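Everything on this sheet refers to the single structure shown next.
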Protein chains: 2
Amino acid sequence: MLTINDASKRTNLPVKTIRYYDEVGLVLATGRTPAGYRLYDDRSCQKLGFVQRARQFNFSIEECRELLSLYEDHGRPSRDVKKITLSKLALLQKQLDDLTTLTLELQTLANQCTGDDRPDCPILNAFSAGPIDAEP
Amino acid sequence: MLTINDASKRTNLPVKTIRYYDEVGLVLATGRTPAGYRLYDDRSCQKLGFVQRARQFNFSIEECRELLSLYEDHGRPSRDVKKITLSKLALLQKQLDDLTTLTLELQTLANQCTGDDRPDCPILNAFSAGPIDAEP
DNA sequence: ATAAAGCCTCCGGTAACAGGAGGGTCAACC
DNA sequence: GGTTGACCCTCCTGTTACCGGAGGCTTTAT
């Protein structure tokens, strides 16, 4: 059995985060010492790692909860997991598109700005006027 | 002089948001009626629009505050604006890269998953094991 | 006169933790 | 046996940029 600090070192998750996951019931501590210290075993460490990776893929805590229960259920059809993954993928794709547009437009503005002592600034002009047309 | 509702219609910003900008001192109401109703003039509406567009470019409230003061200062050098913009651009670029990597990896996993009745699932396997190698 | 719409302030909630206060516990060392 | 220092606990507050709603005036229209 590991203390929360040991679990932290093993998973590279901050102690605070592990405590938080316990608190919200995402990954519960395996047990407690008589003094109330949280204890974790190999299995719970593995779950922590699982959540960590899912979080890195932008899955929310609630989605992690869902994935974790599928992960625990060894008879689950892979269809269920794929469904969640695909909808998350669509969301990521949209974020990606938005961010790309944004970056292009801002890039265009920065290029147009001389960036010298003169007060005239295409960036501020654009912000004060309206939407921006990116250069082709 | 416009009521907050009129300003909202003109700028397409929610009333709640305009009130919030007043509260945090980003775009103050021009004045108040004897009854305490907020009033906005053309100039403050323009500032609201400015903030709206800057926010669409992912500038935080604090950054908007900075841009707005440069916007108000007609003698400012465009260098100052460009500097802020470029650092924001770098941040956007990094977000973009991260998101791209993420999407590719998740795409790879989804492709590998049969998505049928069988319980074997490459997605969960990957999450339980470690980092993912994207397909070339 | 009254009803509807609009305005106000204040309170609570959101996501996913981080930081810190105040206090108990444990192992080692002298 | 006492003490130091590392570690643990819970509870509270703060973060970002608002949204929703309660309770209560004000204005406008009928």
Side-chain angles (χ1 to χ4, degrees), chain A residues 1-41 44 47-68 88 91-92 95 98 102, chain B residues 1-41 44 47-68 88 91-92 95 98 102:
Chain A
M1 286 298 214
L2 307 167
T3 67
I4 198 169
N5 199 21
D6 294 337
S8 166
K9 277 167 189 156
R10 187 173 296 195
T11 59
N12 286 320
L13 282 171
V15 168
K16 277 276 187 186
T17 302
I18 299 179
R19 237 176 329 234
Y20 177 70
Y21 290 164
D22 181 40
E23 190 188 320
V24 299
L26 181 60
V27 180
L28 292 167
T30 314
R32 298 273 186 144
T33 68
Y37 288 22
R38 285 174 184 80
L39 292 173
Y40 291 88
D41 59 8
S44 46
K47 284 196 224 170
L48 286 172
F50 180 96
V51 167
Q52 183 183 30
R53 282 178 289 275
R55 290 280 304 129
Q56 284 167 2
F57 278 97
N58 261 11
F59 287 97
S60 71
I61 298 291
E62 287 316 307
E63 287 167 330
C64 285
R65 209 187 288 278
E66 215 172 335
L67 286 174
L68 208 48
K88 172 57 67 179
L91 215 145
L92 283 178
Q95 279 181 41
D98 290 351
L102 209 72
Chain B
M1 287 297 217
L2 308 168
T3 66
I4 199 169
N5 199 20
D6 295 336
S8 164
K9 277 168 188 153
R10 187 173 295 194
T11 59
N12 287 321
L13 283 171
V15 168
K16 278 277 188 185
T17 301
I18 300 180
R19 241 182 320 240
Y20 176 70
Y21 289 163
D22 182 39
E23 190 188 320
V24 300
L26 181 59
V27 179
L28 292 167
T30 314
R32 298 273 186 145
T33 70
Y37 287 22
R38 286 175 184 81
L39 292 172
Y40 291 88
D41 60 7
S44 46
K47 284 197 225 169
L48 286 172
F50 180 96
V51 168
Q52 184 182 30
R53 283 177 289 276
R55 290 280 305 129
Q56 283 166 4
F57 278 99
N58 261 11
F59 287 96
S60 72
I61 297 292
E62 288 315 308
E63 287 167 331
C64 286
R65 208 186 290 277
E66 214 173 335
L67 287 175
L68 209 47
K88 171 57 66 176
L91 214 145
L92 283 177
Q95 278 182 42
D98 289 353
L102 208 72

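The shown structure was predicted, so the numbers you read here are calculated from the model rather than taken from an experiment.
- For B:Lys88 and B:Phe59, the positive end sits near the middle of the six-membered ring, less than 6.0 Å away and at most 45° from its axis.
- Note that CD of A:Gln56 is 10.5 Å distant from CG of A:Asn58, once rounded to the nearest 0.5 Å.
- One interatomic measurement links the two molecules: CZ of A:Arg55 to P of C:dA15, which rounds to 11 Å at whole-angstrom precision.
- Rounding to whole angstrom units, CG of residue B:Asn58 and C1' of D:dA17 are separated by 13 Å.
- Between A:Tyr40 atom OH and D:dC9 atom C1' there is a gap of 12 Å when expressed in whole angstrom units.
- Among the nucleotides D:dA17, D:dC8, C:dG19, the one closest to the side chain of B:Ile61 is D:dA17.
- Projected onto DNA chain D by closest heavy-atom contact, B:Thr33 and B:Ser60 fall at different nucleotides, the more 5' of which corresponds to B:Ser60.
- One atom, CZ of A:Phe59, and another, C1' of C:dA15, lie 17 Å apart when rounded to the nearest Å.
- Between B:Arg38 atom CZ and D:dC25 atom C1' the separation is 14 Å, expressed in whole Å.
- In this structure a side-chain-to-backbone donor-acceptor pair under 3.5 Å is present from A:Thr30 to A:Asp41.
- In terms of position on DNA chain C, the residue among B:Tyr37 and A:Ala35 whose nearest nucleotide sits closer to the 5' end is B:Tyr37.
- Summarising the geometry, the separation between CZ on A:Arg19 and P on C:dG19 is reported as 13 Å, rounded to the nearest angstrom.
- In this structure, A:Thr3 reaches the sugar-phosphate backbone alone: every heavy-atom distance under 4.0 Å involves primed, P, OP1 or OP2 atoms, never a base.
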Go through it in stages, so that I can follow the logic: the residues are B:Arg55 and B:Val51, the test is side-chain contact (heavy atoms from CB on, under 4.5 Å), and I'd like the CA-CA distance, side-chain angles, deciding distance and then a yes or no.
CA-CA 6 Å; B:Arg55 290 280 305 129; B:Val51 168; 3.9 Å; yes
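- Annotation: the span from B:Cys64 atom SG to B:Leu26 atom CG amounts to 6.0 Å, rounded to 0.5 Å.
- For the helix from C:dA1-D:dT30 to C:dC30-D:dG1, the angle separating the two terminal helix axes comes to 30°, with each axis derived from five pairs and the value rounded to 10°.
- Remark: B:Tyr21 is in phosphate contact with D:dC18, judged by side-chain N or O atoms under 4.0 Å from OP1 or OP2.
- Which of D:dC18, D:dC9, C:dA16 sits closest to the side chain of A:Arg32 comes down to D:dC9.
- The OH atom of A:Tyr21 sits 14.5 Å away from atom NZ of A:Lys47, with the distance rounded to the nearest 0.5 Å.
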Give the intermediate values and the outcome of salt bridge (charged side-chain N to carboxylate O under 4.0 Å, His left out) for residues B:Arg32 and B:Asp22.
CA-CA 12 Å; B:Arg32 298 273 186 145; B:Asp22 182 39; 3.6 Å; yes
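- Between A:Asn5 atom CG and C:dA27 atom P there is a gap of 14 Å when expressed in whole angstrom units.
- One atom, NZ of A:Lys9, and another, P of D:dC8, lie 8 Å apart when rounded to the nearest Å.
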